[in-house]
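A quick note: this is a predicted structure, and the numbers were derived from the prediction, not measured. Heavy atoms only: backbone and side chains are in, while hydrogens, waters and symmetry mates are out.
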Amino acid sequence: MRYWKAGIFFLIAFFIQTSLLNIINIGGYTPNLLLCLVVIFSFLYEKDMYGLVMGTVFGLAYDVCYSYVIGPTPIALIIVAVLVLVLREYANIENIISMWTVSVISFFVYYFVNWGLYKIAGTTFSLGYAFSHAIWAILYSLFVITILYIFMIKKVSRHHKDRYFR
């Protein structure tokens, strides 16, 4: 994959996240598509930094367009991309359970870091409130990431590697 193709994925997710996704919410919750793409691209592509670079660019664009504070989203996405790259070393990318585990850890880290940065910026909502509402968005995002994983793993890993393959 090339950076411009990854950029197209992120651009489409950015526009869907900020416009169409509000129409198809479940119980008032929507998945964080930018976060899903940062996690999946960082997990599947180890040599290229698609998740890190595109997450930074589109996280900054998201904050510029839709937030009253510029910076928390790209910083949280950078931290998540680095975390996924580290966790990837201990996970099997061909196993969906590994993807789910890394995703859930990443989602909790993202929401905790994002909450902390907004708290520093002066917001008044508590951590309990943030996570009580984030859990449904995390479950919805996990569903989205599963769909993305099923389609993208075919391009990344063309031949299944097992312990007998050399």
Side-chain angles (χ1 to χ4, degrees), residues 1-85 87-88 93 96 99-100 102-119 121 123 125 129-156:
M1 179 170 290
R2 305 228 185 255
Y3 275 97
W4 67 270
K5 288 182 182 177
I8 290 173
F9 272 103
F10 275 87
L11 186 65
I12 291 169
F14 179 77
F15 285 125
I16 290 173
Q17 179 76 41
T18 57
S19 60
L20 297 176
L21 212 54
N22 293 329
I23 297 170
I24 43 176
N25 63 47
I26 296 177
Y29 299 101
T30 60
N32 188 333
L33 296 180
L34 293 178
L35 177 59
C36 290
L37 287 178
V38 166
V39 170
I40 197 91
F41 276 99
S42 297
F43 189 76
L44 294 179
Y45 297 98
E46 69 178 323
K47 294 179 182 165
D48 298 309
M49 300 288 176
Y50 301 126
L52 186 71
V53 172
M54 295 300 166
T56 303
V57 170
F58 284 95
L60 187 61
Y62 184 85
D63 276 357
V64 167
C65 294
Y66 300 104
S67 181
Y68 66 92
V69 179
I70 298 174
T73 304
I75 291 170
L77 289 175
I78 289 169
I79 291 170
V80 165
V82 170
L83 175 70
V84 171
L85 290 170
L87 291 176
R88 183 191 194 287
I93 67 164
I96 198 162
M99 181 71 228
W100 288 337
V102 169
S103 297
V104 169
I105 292 168
S106 300
F107 294 154
F108 277 106
V109 167
Y110 171 81
Y111 284 109
F112 181 74
V113 169
N114 212 8
W115 169 82
L117 292 171
Y118 275 104
K119 191 72 169 173
T123 61
F125 61 92
Y129 176 79
F131 275 105
S132 68
H133 291 284
I135 194 72
W136 297 108
I138 289 172
L139 290 174
Y140 198 179
S141 295
L142 197 58
F143 174 73
V144 170
I145 220 163
T146 302
I147 293 169
L148 288 171
Y149 178 81
I150 289 169
F151 288 112
M152 292 180 74
I153 192 66
K154 294 174 186 172
K155 294 285 186 185
V156 175

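Residue Phe131 holds its CZ atom at 6.5 Å from CD1 of Ile138, rounded to the nearest 0.5 Å. To the nearest 0.5 Å, the span separating OH on Tyr140 from CD1 on Ile24 amounts to 5.5 Å.
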Inset, instruction - Start with the C-alpha distance between Tyr45 and Tyr50, add both sets of side-chain angles, then the distance that settles ring pair (Phe, Tyr, Trp, His ring centres under 6.0 Å), and finish with yes or no. - result: CA-CA 7 Å; Tyr45 297 98; Tyr50 301 126; 5.3 Å; yes
Inset, instruction - Go through the steps to decide whether Asn32 and Ser141 satisfy the test side-chain hydrogen bond (donor to acceptor under 3.5 Å, both in side chains), and finish with yes or no. - result: CA-CA 6 Å; Asn32 188 333; Ser141 295; over 6 Å; no
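Closest approach of Asn114 to Pro72, counting heavy atoms only: OD1-CB, 3.4 Å. The shortest heavy-atom contact between Val39 and Ser103 is CG1-OG, 3.6 Å. Residues Ile78 and Thr56 approach most closely at CG1-OG1, 3.1 Å, considering heavy atoms. Tyr66 and Phe14 get closest at one heavy-atom pair: CE1-CZ, 3.9 Å. The two atoms that bring Ile93 and Val156 nearest to each other are CD1-CG1, 4.1 Å, heavy atoms only. Between Pro31 and Gln17, the shortest heavy-atom contact is O-OE1, 3.0 Å.
Checking side-chain atoms of Trp100 against main-chain N and O of Thr146 turns up no donor-acceptor pair under 3.5 Å. The backbone N or O of Gly71 lies less than 3.5 Å from a partner atom in the side chain of Asp63, making a donor-acceptor pair. When atom types are taken as modelled, the side chain of Thr123 and the backbone of Tyr118 share a donor-acceptor pair closer than 3.5 angstrom.
For Phe15, the CZ atom sits in a loose shell: 12 or fewer heavy atoms of surrounding residues, nucleotides or ligands are nearer than 6.0 Å.
Residues Leu34 and Val38 form no side-chain contact, since every pair of their non-hydrogen atoms from C-beta on lies 4.5 Å or further apart.
Ring centroid separation for the pair Phe9 and Phe41 comes in under the 6.0 Å cut-off.
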